[in-house]
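This is a predicted model, so every value here is computed, not measured. Within every chain, numbering begins at 1; the chains are lettered A, B, ... in the order of the sequence lines, protein sequences first and strands thereafter. No hydrogens, no waters, no symmetry mates; every other heavy atom, side chains included, goes into these values.
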Amino acid sequence: MDYLLPNGDPLELPDGATGADAAAAIGPGLARAALAVKVDGVTYDLARPLPTHGERRLEVLTERSGEQALELIRHDAAHVFAEAMLELYPGVKIAIGPPIESGFYYDLDLPAGVSINEDDFPAIEARMREHIEADEPFLREDVPVAVALDRYRGEGQPYKVELIEDLVSNAPAEAPVETVSLYTNGSFVDLCRGPHAPSTRRIKAFKLQSVAGAYWRGDSKNKMLTRVYGTAFFSDKDLEQHLERLELARRNDHRKLGRELGLFMFSDLSPGSPFWQPHGMAVWNALAELWREQNGARGYREVKTPILYDVELWKRSGHWDKYQENMYFTEVEERPMGLKPMNCPAHIQLYSAARRSYRDLPVRYSEQGLVHRHEPSGTLHGLLRVRHITQDDAHIFCTEDQVEDEVLGCLEFGAFIYELFGFEARLELSTRPEQRVGTDAMWDHAEAALVRALERRGLAYEVNAGDGAFYGPKIDLHMTDSIGRSWQLGTVQLDYAMPERFGITYTGEDNAEHRPVMVHRALFGSFERFIGILTEHFGGEFPVWMAPVQAIVLPISDRHNAYGESVRARLAAAGVRCELDARGESAGRKIRDAERRRIPFMLVVGDREQESGQVGVREHRAGDTGAVSIEAFLQHIGELISTLALTTPAA
RNA sequence: GCCGACGUAGCUCAGCUGGUAGAGCACUUCACUCGUAAUGAAGGGGUCCGGGGUUCGAAUCCCCGCGUCGGCUCCA
């Protein structure tokens with residue numbers, strides 16, 4: 001049987017040859033270094049016979065094979081972890097332990113009354129190390145389902161039993177599952193589809209990182225298991241570098257930067273609701289100004305609606321039935337009222353306040369809409385998950401014929417915003433959820449319209465089945481935070497249900513009443529979340545146009561304070577957010593403090609500048625860039641501001 | 001909401017097995033008048049998250065709340 005190597009050379013192997021044979025046939029060095037072998041994109045253990053079908057493009061994986069190789073030893077490490085846990089905590093029941101991005105985890109059900117925390121890690125790691133040093137081979141065995149079931153029933157491992165039973169019952173009729181694969185290392189036998197490295201010794205460096213709860217099979221109705229996260233590398237150096245990167249990323253955490261830069265704060269007295277400090281408000285307002293201008297230019301008209309409504313409205317909209325758990329209610333003079341969790345019903349009130357003609361459509365309302373949602377306490381997360389949410393909301397009321405163009409317009413608008421910040425967002429199409437209003441025909445129609453708009457623009461997207469809003473499907477824009485967590489920002493949602501529920505209409509060309517379609521749209525998602533992501537994206541070094549303080553005047557000594565103040569006043573009059581540092585500190589100290597505040601421009605003024613009417617410009621990061629006249633500086637910074645220039649590299 | 005951890009000055013944190021609180025930075029005052037990332041000295045500042053309990057005595061031990069952090073579920 002012949003195979004094709006990555007360099008194009010053919011490799012002739014006898015029938016029944018394994019991955020190890022292939023590596024040995026190429027060279028003795030490779031035979032030693034080999035971890036696994038990949039044929040036509042599928043990775044196999046070295047000990048398994050190679051597939052004899054397909055194109056047979058063969059690649060031997062070694063430590064140098066990057067993520068694919070790391071995934072192998074991380075998966076190995078998960079097994080070694082479970083092995084150690086079974087020895088150290090008799091009676092522990094094991095669930096699943098896959099490799100994940102940058103590490104692995106294993107879910108365990110600890111015996112009643114037993115819990116573990118990070119203090120237990122050293123002992124567990126020590127036991128893991130013993131198994132790694134023992135160089136236990138990973139042995140794969142395909143056994144009949146009944147044998148595997150007997151084994152795990154006998155060992156009292158109900159999760160493994162459930163997994164096997166599900167494998168069998170979920171198998172398609174034409175390919176029934178008759179055997180499952182088990183991997184043995186040392187005394188530990190795990191149900192696992194593999195692949196694995198040849199032996200435990202290949203794990204050169206590893207570390208347990210955190211312990212957390214996780215529901216069995218990700219369902220909150222199930223028991224909560226104990227999940228331990230860890231990672232593994234091919235060298236201590238790589239591991240250390242990885243941990244350093246994590247540490248570095250934490251420095252860009254918006255919660256930390258928000259505190260340090262005086263952007264916003266939180267109080268125990270109002271969990272999940274940010275307090276915006278003056279510097280944070282400056283960022284907010286810069287963003288709001290951009291939003292207002294761009295919405296205006298795109299035919300949106302700004303509105304403002306109340307936050308408190310009679311529950312009648314929420315019964316009508318469907319929120320009472322589908323969203324009640326996330327809402328806040330109160331009573332006003334014995335009348336039950338609810339805080340709005342969404343702006344759409346409010347905008348419908350505006351729409352239906354007048355008779356609408358097809359000539360009026362599309363009607364586009366935009367609002368910095370303040371909504372309140374009762375997010376579960378465990379989910380709150382700085383600005384990225386709050387209960388007091390200011391959406392950059394908009395609702396478009398249009399005809400059926402206008403839907404595609406309007407959706408496309410929203411996507412274009414989104415692309416404009418994201419490019420402005422150098423974001424690379426992921427698009428997701430979320431389809432009908434279980435909890436929903438409207439008929440299946442409506443949903444078919446709405447989902448198809450979104451797909452058409454995406455395809456017309458040629459945009460790549462993933463499908464997120466079942467994740468739509470209760471009133472319609474949506475296209476979401478996702479971004480990642482400083483430590484790799486993904487958050488939804490923008491959203492474009494199509495809604496045939498809400499117009500129906502509220503009975504809104506427009507008069508058509510035919511003089512008959514028709515039902516408009518609604519498009520719900522937010523591009524930042526919320527000002528809170530967007531500013532949180534922006535803060536992390538820029539590491540607190542905002543582009544000049546949105547920097548809380550755009551320039552600070554630093555007098556060399558007291559006698560330059562008056563000139564410094566005149567410079568500050570001049571810049572302020574020109575609309576630049578500018579401060580004067582008149583403290584009795586050394587120039588070095590003032591510079592240091594301004595640098596730490598990430599102020600884009602520091603204007604040093606001493607005798608020389610005072611005499612010549614100039615400012616000594618120091619740019620954040622770049623350093624001293626020389627003295628220029630105040631006019632020249634104003635022109636420079638004015639241009640950076642008016643063009644919304646990206647003046648700082650993304651973090 | 002669920003699992004685990006944590007909660008000491010504005011911030012970052014120390015405070016061992018219980019004996020009524022400490023550092024650095026920040027802040028205030030004074031002196032210095034300084035040229036591109038920290039001038040020096042002195043001083044002020046704490047219901048040790050809240051409430052119960054154990055104890056002669058609790059920041060420290062126990063219980064119950066609240067909040068925060070990391071996950072899970074959920075979500076803009």
Side-chain angles (χ1 to χ4, degrees), chain A residues 105 107 110 115-120 209-229 250 253 255-256 259-260 262 265-272 325-326 341-342 369 371 373-387 389-393 467 469 474 476-479 483 485-491 493 520 522-530 532-533 554-561 584-596 602-609 616-627:
Chain A
Y105 69 77
D107 283 351
L110 293 167
S115 73
I116 60 168
N117 61 48
E118 291 178 21
D119 296 339
D120 301 313
Q209 291 172 293
S210 62
V211 51
Y215 298 107
W216 166 236
R217 310 210 118 174
D219 188 333
S220 60
K221 289 194 273 293
N222 288 341
K223 183 165 186 183
M224 178 153 279
L225 308 177
T226 301
R227 172 173 298 178
V228 173
Y229 286 92
R250 267 188 269 276
D253 189 312
R255 292 164 299 187
K256 183 170 146 60
R259 195 168 40 240
E260 287 172 1
M265 53 163 269
F266 287 90
S267 161
D268 289 359
L269 298 173
S270 186
E325 282 186 2
N326 291 294
M342 297 184 194
V371 299
R373 297 183 184 175
H374 177 250
E375 303 292 343
S377 56
T379 65
L380 299 179
H381 185 91
L383 290 181
L384 301 183
R385 186 80 180 269
V386 293
R387 287 175 173 163
I389 308 169
T390 312
Q391 296 184 307
D392 65 312
D393 215 355
D467 205 34
K474 53 182 188 163
D476 293 328
L477 300 154
H478 290 253
M479 279 286 295
I483 53 174
R485 285 175 297 213
S486 178
W487 298 90
Q488 183 189 320
L489 298 180
T491 181
Q493 315 182 343
H520 306 240
L523 298 176
F524 301 151
S526 72
F527 277 79
E528 290 84 359
R529 181 173 286 181
F530 199 74
I533 289 285
L554 309 178
I556 293 290
S557 80
D558 284 0
R559 67 176 182 281
H560 308 114
N561 280 356
E585 297 289 351
S586 66
R589 177 55 181 274
K590 291 178 182 178
I591 285 164
R592 178 169 194 265
D593 289 345
E595 288 283 2
R596 286 160 62 101
M602 284 148 276
L603 305 177
V604 178
V605 294
D607 290 336
R608 296 200 295 269
E609 288 77 13
V617 179
R618 179 190 167 98
E619 285 184 41
H620 177 60
R621 290 210 160 184
D624 191 353
T625 58

So, does A/S210 use its side chain to make a donor-acceptor pair with the main chain of A/Y229 at under 3.5 Å? no

Hey, is the side chain of A/R592 pairing donor to acceptor with the base of B/A38 inside 3.5 Å? yes

Between the base of B/G1 and the side chain of A/Y215, is one N or O donor paired with an acceptor at under 3.5 angstrom?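 Indeed there is one.
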
Return no unless some side-chain N or O of [X] is found under 4.0 Å from OP1 or OP2 of [N].
X      : N     : result
A/K256 : B/U12 : no
A/R255 : B/G70 : yes
A/R259 : B/G10 : no
A/N117 : B/G4  : no
A/H560 : B/G35 : no
A/R385 : B/C74 : no
A/S210 : B/G71 : no

Nearest to the side chain of A/T379, which nucleotide is it out of B/C25, B/U73, B/U68? B/U73

Can you figure out which of B/U12, B/G71, B/A76 approaches the side chain of A/I389 most closely? B/A76

What's [X] touching, base or sugar-phosphate or nothing? Going by heavy atoms closer than 4.0 Å.
X      : value
A/R485 : sugar-phosphate
A/E375 : base
A/R608 : base
A/A522 : nothing
A/D467 : sugar-phosphate
A/D624 : base
A/D558 : base
A/A212 : base
A/T226 : nothing
A/Y229 : sugar-phosphate
A/R529 : base
A/G213 : base
A/L489 : sugar-phosphate
A/T491 : nothing

Could you give the [atom1]-to-[atom2] distance, from [X] to [N], as a whole number of Å?
X      : N     : atom1 : atom2 : value
A/L380 : B/C66 : CG    : P     : 13 Å
A/L477 : B/A76 : CG    : C1'   : 11 Å
A/F266 : B/C69 : CZ    : P     : 8 Å
A/E585 : B/U28 : CD    : P     : 10 Å
A/W487 : B/G71 : CH2   : C1'   : 12 Å

Steps toward side-chain contact (heavy atoms from CB on, under 4.5 Å) verdict (A/L489, A/F530): CA-CA 7 Å; A/L489 298 180; A/F530 199 74; 3.9 Å; yes

Considering every strand shown, what is the Watson-Crick or G-U wobble mate of [N] when both distances are under 3.5 Å?
N     : value
B/G44 : none
B/A31 : B/U39
B/C61 : B/G53
B/A23 : B/U12
B/U68 : B/A5

What residue among A/K256, A/R255, A/R250 forms side-chain hydrogen bond (donor to acceptor under 3.5 Å, both in side chains) with A/D253? A/R255

Should A/R529 and A/R385 count as side-chain neighbours, where that means a heavy-atom distance under 4.5 Å? yes

Provide the distance between the two C1' atoms, one in B/C32 and one in B/A41, to the nearest whole Å.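 It comes out at 11 Å once rounded to the nearest Å.
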
